[in-house]
Amino acid sequence: MMGEKMKKTTNIFFDIMMYSIIFLLVFPLLNLVIWSFAKNWPWPYLLPQELGLRGILHLLGPSSRALKNLLFSIYLSMVVTIITLLLSIPAAKALGVYKFRGKEFFKILILAPIIVPPVAVALGIHLTFIRLGLANTFWGVVLVHLIPCLPYGIRILTNVFEIIGESMEMQARVLGATPWQTFTYVTLPLIAPGLVSAGSLVFIVSFSQYFLTFLIGGGRVITFAMMMFPYIQSGDRMMASVYSLVFVAATLVVLILMEKVIKSYYGAKNYFYL
Amino acid sequence: MSEILLSGISKDFNNKKVLKGINLSVQEGQMISLLGPSGCGKTTTLKVIAGLIEPDGGDILMKGQSILSTPIEKRGTVIVFQDYLLFPHLTIRQNIGFGLKMAKADKNYREDKVQEMLDLMELKGQEEKYPNQLSGGQKQRVALARALAVEPKVLLLDEPFSNLDLRLRETMREFICSLQKKLNITTILVTHDKEEALMISDKIAVMLEGEIKQFGSPVDLYENPVSEEVANFFGEANYLTGTIEKGYFNSSIGKFQTHINHHSSVRAMIRPEKIEISSQMYKTGIKGTVIKKRYAGDRVHYRILLKDIELKCIAATKEIFHIGQEVSLNINGNNIVFYEG
Amino acid sequence: MSEILLSGISKDFNNKKVLKGINLSVQEGQMISLLGPSGCGKTTTLKVIAGLIEPDGGDILMKGQSILSTPIEKRGTVIVFQDYLLFPHLTIRQNIGFGLKMAKADKNYREDKVQEMLDLMELKGQEEKYPNQLSGGQKQRVALARALAVEPKVLLLDEPFSNLDLRLRETMREFICSLQKKLNITTILVTHDKEEALMISDKIAVMLEGEIKQFGSPVDLYENPVSEEVANFFGEANYLTGTIEKGYFNSSIGKFQTHINHHSSVRAMIRPEKIEISSQMYKTGIKGTVIKKRYAGDRVHYRILLKDIELKCIAATKEIFHIGQEVSLNINGNNIVFYEG
Amino acid sequence: MKKKLNHKLKPYLMLMPAMIIILGIFVAGLTLGLLQSLGYFPAVGLREITLKYYKEVIMDEGFLSSLKFSLWIAFMSSLLSVVIGVLLAYSIVVSKYKKGLEEIVYKLPIIVPHAVAALLIYTLLSQSGILPRFLYSVGIIQEQFQFPALLFDRNGIGIIFAYVWKGTPFIAMVVYTVLSNINEKLQDVAMNLGANKRQVFLHVLLPLIMPSVLSSFIIIFAFSFGAFEVPYLLGPTNPRALPVKAFIEYTHPDWTNRPYTMTINMILTALSLLFIWIYHKTVKYISKYDG
Amino acid sequence: QSNPVAGEDVLESSWEAILEEIKGTEVSFYGWGGSQMTNDWIDQYLAVQLKEKYDITLNRVPMNIDEILNKLLGEKQLNTSGTIDVVWINGENFYTAKTNELLYGPFVEKLPNFEKYVDTESIEVKYDFGFPVEGYEAPYGKAQLVMIYDKARVEFVPRNHEELMELIKNNPAQFTYPAPPDFTGSAFVRNIIYDIVGYEQFVTMEADKEIISNAIQPAMDYLVELKPYLWRGGETYPATIAQLDNMFADQEVFMSVSYHPNSAGGKILTGEFPSTTNTFVFDKGTIGNTHFLAIPFNAPNKAGALAVIDFILSVEAQASKYDPKNWGDLPVLDNSKLNNEERKTFDAIDLAPGALPQDILLNHRVPEMPANFVPIIEEIWEENVLGR
Ligand SMILES: Nc1ncnc2c1ncn2[C@@H]1O[C@H](COP(=O)(O)OP(=O)(O)OP(=O)(O)O)[C@@H](O)[C@H]1O
Ligand SMILES: Nc1ncnc2c1ncn2[C@@H]1O[C@H](COP(=O)(O)OP(=O)(O)OP(=O)(O)O)[C@@H](O)[C@H]1O
Ligand SMILES: NCCCCNCCCN
Ligand SMILES: [Mg+2]
Ligand SMILES: [Mg+2]
């Protein structure tokens, strides 16, 4: 939000900049749409010479099970997102609000799953999950997805908690709210915009996992990403594009819904934390 | 048994002592004012009582029981914060009803109560606004309303009227006093308005640099401040040095009768409004010249130059003196407070 | 030419008129106070002058030039905000130096200036703290210091002393007055402290519900409020109804001589402190009984019951009356203000 | 005093659930990876703890150029993403037009997996991509090879493009969340004190969003320093980015080769930690002397 | 089934009993899932047939072989039951799996169709990349390296490496090959080696870097000489065959390589490649290999796996698979073991556009090198060709 005055006098420079950047970000995706239907597109043509429906027919065909897996993947990633957020909120609050020994250490440790390439930990994680009896199970996959998701959830919410601090929660407690009531009536609404960002990102990270899903799902849990990646690797641009397009569109729908739900529940406003 | 007893509460911030062993005992249903210069630790004291800040030392008893380990929301103490802390995501109505909602109060009761508060706080028409759409005084009233709505056992008010105009301040003050008496709410009020404190408190505590320097009745505090510091804090004052001999205080400006008998050299404090000014030259009067004058509506502040000393005086507007005018001052020895020189 | 001229400024929020055509003219170097009840539009007016809110109608001239399209940062008007709005990411030192840094002032000058402000505002020892580590009054002083450091042409103060104790308030007030005179800063001060306004302003504007109702000298405003509303706002008042005939005001409690001659039925306003109370029963006095009494340190507030009417009176503490005591009241007809009945 | 202890423990308790997962599972996995890098991998018959893999990897002549290459890619792409992302977030916030679509569409690249991003960059910027086709169609180039070789080149331009494309909206989203929650009144105050728009941005907004910017910089830096997909698909055969080297070793069918993968990964991890640490220190140092 | 090795006794049961036992069960088929045609063949033909014939539900899981092997390794370490029944495998990966005892078997002799149709003594069935199969995997299909070119842009078809060099020198920057260790790129390099120094010496050669290095030096020199005439001057190579195929499709290069003789035809059909695409092999032949199906040591449904693999070895399955409209994968059945009827089934299948007939391919087919030579050669390539 910007002061009324400021907005008015802002020159069009920023509008031009915004639209140029957005154009550069969105334009490549147009390519994805074209490639989804491009049967034949040799140099030097700007548009395909021949269109085809091979990709979309395969994807929609019942034998590919793509749509069924898509729904399942959305469900799986939603579960992961919710659990990640539930674990991230207290951790982020601790990192964002309190002072304690080792805070910097924890902040970096949280990043470990982003820093360390997954293959370095794959075997160890796999063995752990087999021991826990979680290998090849739905909940095993959920649990293993938490690993790459938590850093995003925690880091983003930490930023939010650093901004809002604790005073509003204290005020609620003083008015007789129990810690739980404080959480639901004050904390959640205040961090709602941050929850939308963190939730979106966590969903995306989970939804695009394939390595860990292979490893722990063992083929018993098949996600959309697992079906998509072989096509990306094999360079079949039409298949890769069709899958990616559906992947992006489905994610977008989920994210918009998620934002709508969170905001309709907690009010659609930004609050001045600062 | 006192409702609230602070014993030896201390608190450091960044190794700087902010509270240095606060002792305070408030009886049930009393209205106590806490006065002190900016930064002396008033807000911190309130926060300690409410449980928002954990003291480094000392204990807080409520009805004889230590509440140090009682969770904030179980203490039954409600603060109205100096900076309001209204919930930005809730409307005014929801803000005021928050505490009752948390207590799972009956919905009808809650709505009635909120409505009552809106009326009393003259907030009608604002109920559906969000806090950032309110004026300063309106926010302050919402904060007050939100606290009062839960009818707490102990009410901690941190300069709750500072942004209100005179009339509203009067109204709010009256309302809180009557509510406080009716529900027997123990109240601690932090205020910078000396008059307010004197007028509505059962007792007043003066805090200086993290310590309670005097705790007593309004008259006590105003008329007999235990130290110059307290006296200074409590309003403007004139100081004279001199000696007391045989029931008389001798100073450069004259000799005044007192109750005090022991012989000593002292500093004498005289409040500006205890000095009578007159244009008639009484023979007992002390002669002086008006050198400064400030109109304050219902009274006038003067500076009067005596031989070698300047005195602050405050007088009603019945007779107005002009700068340069020769006046006669009259000081009643009983109105002089003495401190060891 | 006036430094600032508001002409017909209006502003709506959510289709509710908040400013209804404000006209105000402030001369260069003047100190103007803006008084009015909470929510009447004072802050909004200051923000309009500073350019933070764009008015829906009307014009603002500075030295005769419209500044409506002048960017905020070029107006040379600095506000001290009611809610401080200190920069949370900057230390106190950095907060105070912010404006000078923006103006790319010489670094040595900046450092000296900040140090000077820290000293004047009694903020030594706080300079490396962040705003959330300060007490309410300290924050307020930082906000003041931050504004004063840039030595603005026009200073807009929104209740800048509300959280300060008496002594500090006095000091700050003195300091601002002297700075203002020295640098010839045009100042508009929003305050709820009537006495403050009366004592330090060149002129006072009283604002009610988005309109300036009276704009005049302190004496003017206190002694001759143009309407009951203004009178009410400006302090406590007693009202009597009656008629004026042949230079006399006749009311239920007596007959008072006035300058006014025309025959009319009127409402008469008498300030509580303009009523003299005495235990001696003058023959010209009006008899009454003390029914309420509130000690306020340097004076006492009384309610006196006459035959059928209750009057508020304020008296010095020289003689204290007790509840139930029969007293005699004396009212000088010249102290009565009349409004059309 | 019991309460005091609880108070001290509170942040740790709040961190615990997340930490159990990260420490319990992740670090357990990492330990095994570390052991493997030291040559202990009994499952395939390697039991001798040795530093020889580290020696070999570090002594490898390509190692240094791979490291430099990885570092360059990660640093440049993160830096560009941060700059463009912050500008984007800011310009959305100050844009006078109605928001809605703009607020959503810029996030799209975040959704796109990195491998797909690489594919898209390929179809755009390869010498037979959309851009050269466009240039050809307007007559600026006559042959494919006249279009500069942006992909598979030693400067990693294609890789950087792909990472910037992915990273910019990520930064913008995080920053936008914070930026749109900054009390606009603080900007009013700043302008009131004489700050122009640029100064408001530099001295008020930027410092306020800085914690978020810094932490998202770290995220994308660490990510692009350690991920193999994009440099694998868009990078040159020589030098290969470190993660690509690790990946190629990983796919080596002979499992007694596994320690090489693990060694490269451990070095990657250690370096990443080192850079993050240096970065933290630098930022602290800079912000301290920001008079 | 807590003991993953349970079901060992499946091999003791009669085939009838096995077929009875598997009714209504599920069989999980793991393998590379990057080809839409292959996937569709499994999903739309194989799964449907198996359901009809045996009441088996076939569950195809697209998973790369590295991941499959890593998964099995993890499971092996703790000796737990698995999820994979059939795995698509060959070459080095088979070598790894077998040496690490990740496979179940020997089982091939249990399969009626194996005995009936497959030449059990052929090198290509007994050896996989020079490594003895010993009944731990059954053949699935055959592959052979072919060179792909665009008739419209290539003036003559090279018959050997020398002509290839000439063609490339005449048309600089129009040719490249995927950098080893890409599977196809690596095979291309081996094929060049064969074309220059012959393949026979490697059958008995020791897997020693120096020895191999000496043996293949002429081939390395050849590749170095070729380098400046390659796409981007040999500065860089495509990382994957997928990229090379796309470059060919975009006409950035005029040739590609494939280990699947019918894949170019398939891509012409899908429109990815221009219709002027054609394939050729060198006169001295190109490398061929067989891809196999194996059963993991801890397969939960070993009986089902046997039935599935057996069905895949049937004439109808192999013929369906050979049909370029379905997949175009070369059959593994021994022509001489087929009856007329069965032979006709194969003959009736139309060749894919641009594809070489089966007999030409078989006549120009040389065996793969031993699996453990592959990484050594890749290393040598990297040092000698790439690093220069
Ligand atoms: N953003 C806004 N949206 C809607 N109403 C607003 C907004 N800002 C102010 N108002 C309303 O405008 C009126 C005037 O507000 P303003 O802040 O000017 O009052 P004020 O005179 O400064 O009062 P106070 O003494 O309480 O600070 C108030 O009724 C307030 O509720
Ligand atoms: N979080 C903190 N960190 C460091 N110092 C603090 C903190 N909170 C308060 N202080 C310091 O403690 C002292 C007491 O603060 P407190 O808020 O109690 O003062 P106060 O009496 O309420 O003053 P005021 O009348 O100005 O509101 C002040 O000097 C303040 O700067
Ligand atoms: N290079 C940008 C990395 C930012 C993280 N984005 C997460 C999305 C995962 N696909
Ligand atoms: Mg305070
Ligand atoms: Mg205001």
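If you're wondering where the values come from, they're calculated on a predicted model, not measured in any experiment.
- At a 4.5 Å heavy-atom cutoff, the contact between E:N39 and chain A is made by side-chain atoms alone.
- Using cut-offs of 30° and 60° for the angle between ring planes, the A:F203 and A:F207 rings count as parallel.
- When the shell of 6.0 Å around NZ of E:K51 is examined, it contains more than 12 heavy atoms from other residues, nucleotides or ligands.
- With chain A as partner, the option from E:I68, E:N59, E:I241, E:L244 having the largest number of non-hydrogen pairs under 4.5 angstrom is E:N59.
- Only the side chain of A:R65 comes within contact range of chain E, with at least one heavy atom under 4.5 Å from a heavy atom of that chain.
- In terms of heavy-atom pairs under 4.5 angstrom with chain A, the leader among E:V61, E:T270, E:I42 is E:T270.
- Contacts of E:E272 with chain A are made by both backbone and side-chain atoms, with heavy-atom separations under 4.5 Å.
- Taking the charged nitrogens against the carboxylate oxygens, E:E75 and E:K71 do have a contact shorter than 4.0 Å, which makes a salt bridge.
- With E:T240 contributing its side chain and E:Q243 its backbone, the two residues share a donor-acceptor pair below 3.5 Å.
- Of the two parts of A:F211, only the side chain, counted from C-beta on, holds a non-hydrogen atom closer than 4.5 Å to a non-hydrogen atom of chain E.
- In this structure, E:K53 places its NZ atom where more than 12 heavy-atom neighbours from other residues, nucleotides or ligands lie under 6.0 Å away.
- Contact annotation for A:L127: both backbone and side-chain heavy atoms come within less than 4.5 Å of a heavy atom of chain E.
- In this structure, no portion of E:I268 lies under 4.5 Å from any heavy atom of chain A.
- For chain A, the nearby part of E:Q77 is the side chain; its heavy atoms alone come within less than 4.5 Å.
- The two residues E:G31 and E:W88 have their closest heavy-atom pair at CA-CB, 4.1 Å.
- Of the listed residues E:P274, E:G271, E:A47, E:A242, the one with more heavy-atom pairs under 4.5 angstrom with chain A than any other is E:G271.
- Contacts with chain A were tallied for E:D40, E:D245, E:N70; E:D40 has the most, counting heavy-atom pairs under 4.5 Å.
- Of the listed residues A:M239, A:H58, A:E50, A:M227, the one with more heavy-atom pairs under 4.5 angstrom with chain E than any other is A:H58.
- In this structure, the ring of E:Y140 has its center no less than 6.0 angstrom from the ring center of E:W32.
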